[in-house]
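Below is one structure, written out as structure tokens; comments come after it.
Along the sequence shown, the residues carry numbers beginning at 1. No hydrogens, no waters, no symmetry mates; every other heavy atom, side chains included, goes into these values. Each ligand, and each atom within it, is numbered from 1 in the order the structure gives.
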Amino acid sequence: MVCDAKYCSNCVLRAMGSMPEGRKCVTCIGYPIDESKRAYLGKCSRMLKRLLNDLEVRQIMKAERLCEVNQLPPEYIYVNGRALYHDELILLQSCPNPPKKLKPGNYWYDKVSGLWGKEGQKPSQIISPHLSVGGPIKVDASNGNTQVYINGREITKVELRMLKLAGVQCAGNPHFWVNEDGSYQEEGQKNTKGYIWGKAGTKLLCAVLSLPVPSRSSHPCGEQASSMIGRTMPEYLEQRAIQKLLLIGYNGSGTSTIFKQAKILYKDIPFSEDEREQIKLVIQSHVYGYIGILLEGRERFEEESLNELRQKQSCDGLTPADAGGKGEGALYSICPRLKAFSDWLLKIMASGTLEAIFPAASREYAPLVEELWSNPAFQATYKRRSELETLPSVASYFLERAVEILKPDYKPSDVDILYAEHVTSSKGLSCVDFSFPESAYDDDADSGDLRDSLLRFQLIRLQSKGFGENCKWLEMFEDVRIVIFCVSLSDYDQFSVDGDGNVVNKMLLSKKFFENMVTHPTFEQIDFLVLLNKYDLFEEKIEQVPLGQCDWFDDFHPVISRNRSGSNNANHPTLGQLGFHYIAVKFKRLYAALTGRKLYVSLVKGLEPNSVDAALKYAREVINWEEERPNLSLSEYSIYSTEASSFSH
Ligand SMILES: Nc1nc2c(ncn2[C@@H]2O[C@H](COP(=O)(O)OP(=O)(O)OP(=O)(O)O)[C@@H](O)[C@H]2O)c(=O)[nH]1
Ligand SMILES: [Mg+2]
């Protein structure tokens, strides 16, 4: 702790004596510690644990942390440009919500709101307000250049971005007065204009932007999804910066599926009770929607078969009355009660208010759905569901269990949630933080594995629909460690309408989006990992539909061995494997041509947990390689500094 001496396990106890101040040579006792070692205070080494019993270790570590001489010297802490006095430091450390991991250095503190940060940097935390410590805050405390002010401090770009996204009017260089609860007003005015952290979305934004939000103790009822971030972890883990992974992809590429998989894989409670209740309603309204599509189809089939019947009759010279209007057309006809239900449902769907009928609908109509499901006309329609273009392919998964799902006491399973569409986030932005669980099977090196299990990651999913014309607000993701770009392999024969109203191949739309992203200035220095997703569908499809359906792939001429018969033999790759490698190379070449850099590519089956797990671990590897490069020359100390790691390139 003091002199950097190192001892072998035979001498260590003799050299340190009874350790009244923790680990120090006998001659160093009474002297302050080396500040660069402060982070190790109270964290016992393995060697000492071997030499002493549990109780002894605990006592020594406690002494090391708490003894007078090992405490932070107040004169090393500057707040708003002035060194602290002893009492001020005590006040700061003993307040209900103290700065985390206080180290010697220069800090700024906004006493009104409690915002706290390192001098020249954006806020890192919101601590207890109104503490009388340090000098008055300076305008340039955080080195902002936005001409927008909070409590006399010019705020940073990232804070301004957050304010704008949170809906705070920032035109005309305003000076805001922000209180500890987030209520704000313009300077010189009396009215509170709103609450900065009031909306759930704002907390999420702050999490993504690495900006602090008020701690739960000051907001006992403000339990939000994102306020879990950084709070469920033991404090020592927070010493490391969170590694952000940005997950993007063209519509339907599978980003929300991968996001949900990550939650299911890595969170003890992937979805809270509240979330499940919400998701249940979404799933139920989808199922009503699918039933509506089938009912619409039923009307069409009924009409078609009636028309056919009429044609046949007029050919035979009969009038409809002669035939009695019955016959084949009846296959698709339903009784008046079900017809009334059908009319009602189709009307609700047409008016776009399907979601509004919940949760009342599940109580009222569950028995009718049951009756409908066992109705022959409905079943006949269900058999022809592949003819209904608007029915998504996941519909069958839910429709098979429609009766159960539409009951009021239905509880969605994780797999239901995985398959359900549009349950991730309404705003197109969602994030989840996690650590890879320690695994006994993973690697041989146990310490490496442990280290990895302590690393924190944040997966941020951004829906492509939310991107503005020029992707301006992508800037807020400048500190992500990797961009995971998801592509649906099965899109190569699909078409969609682009922004200009043209019908374009979806793989080409994905490619265009990829080009826009990799050349975006924000991502200039950031690695990309392309996930070629939906490999399960692709494998099947490529056997039926040539890859050349997409113009970009028109030079795919695989050499197919005669006896490939779908085997996984490396000498006889399947058509699916050949196609995957071909497309991977296409993306790699495109990326190299645009950026001159190396692209990482991986194959994924989004609906299979193991596959997503492997893909995200691959992303972690890429980050690790990247990290080892610039950090080789830095001292051990910098590993623990949250600033040094990601922003050095
Ligand atoms: N068969 C198969 N289906 C998948 C796979 N990954 C995703 N899907 C399905 O593809 C559909 C679209 O996936 P999403 O995860 O919603 O895609 P998205 O990127 O969120 O797209 P948007 O919701 O349009 O933004 C869903 O019905 C998924 O269940 C996969 O690997 N295999
Ligand atoms: Mg989706």
Side-chain touch [X]/[Y], heavy atoms, less than 4.5 angstrom:
X	Y	result
Leu354	Leu345	yes
Lys407	Gln284	no
Tyr250	Phe514	no
Val432	Lys267	yes

Just to be sure I read this right, does ligand 1 sit under 4.0 Å from the backbone of [X], its side chain, both, or neither, counting only heavy atoms?
X	value
Glu540	neither
Thr255	both
Ile258	neither
Leu607	both
Thr257	both
Lys534	both

Please list, in number order, the atoms of ligand 1 under 4.0 Å from a heavy atom of [X].
X	value
Gly254	13 (O), 14 (P), 15 (O), 17 (O), 18 (P), 19 (O)
Asn251	21 (O), 24 (O)
Leu537	1 (N), 2 (C)
Ser253	17 (O), 19 (O)

Lys263 bridged to Glu275 by N-O distance under 4.0 Å: yes
Purely on distance, is any nitrogen or oxygen of [X] under 3.5 Å from one on ligand 1?
X	answer
Lys605	no
Val394	no
Tyr419	no
Gly252	yes

To the nearest 0.5 Å, how far apart are CZ in Phe271 and CG in Asp414? 6.0 Å
The reported gap from OH in Tyr492 to CG in Asn505 (rounded to nearest 0.5 angstrom) is 10.5 Å
Kindly identify the option in Arg461, His422, Glu421 whose heavy atom sits closest to atom 25 (O) of ligand 1. Arg461
Nearest to atom 31 (O) of ligand 1 by heavy atom, Cys486, Gly249, Gly606, Ser611: which? Gly606
Could you tell me how the ring of Tyr419 sits relative to the ring of Tyr397: parallel (under 30°), tilted (30 to 60°) or perpendicular (over 60°)? parallel
Arg300 pairs by salt bridge (charged side-chain N to carboxylate O under 4.0 Å, His left out) with which of Glu303, Glu304, Glu302, Glu296? Glu304
Please determine, by modelled atom types, if Arg298 and Tyr382 share a side-chain donor-acceptor pair under 3.5 angstrom. no
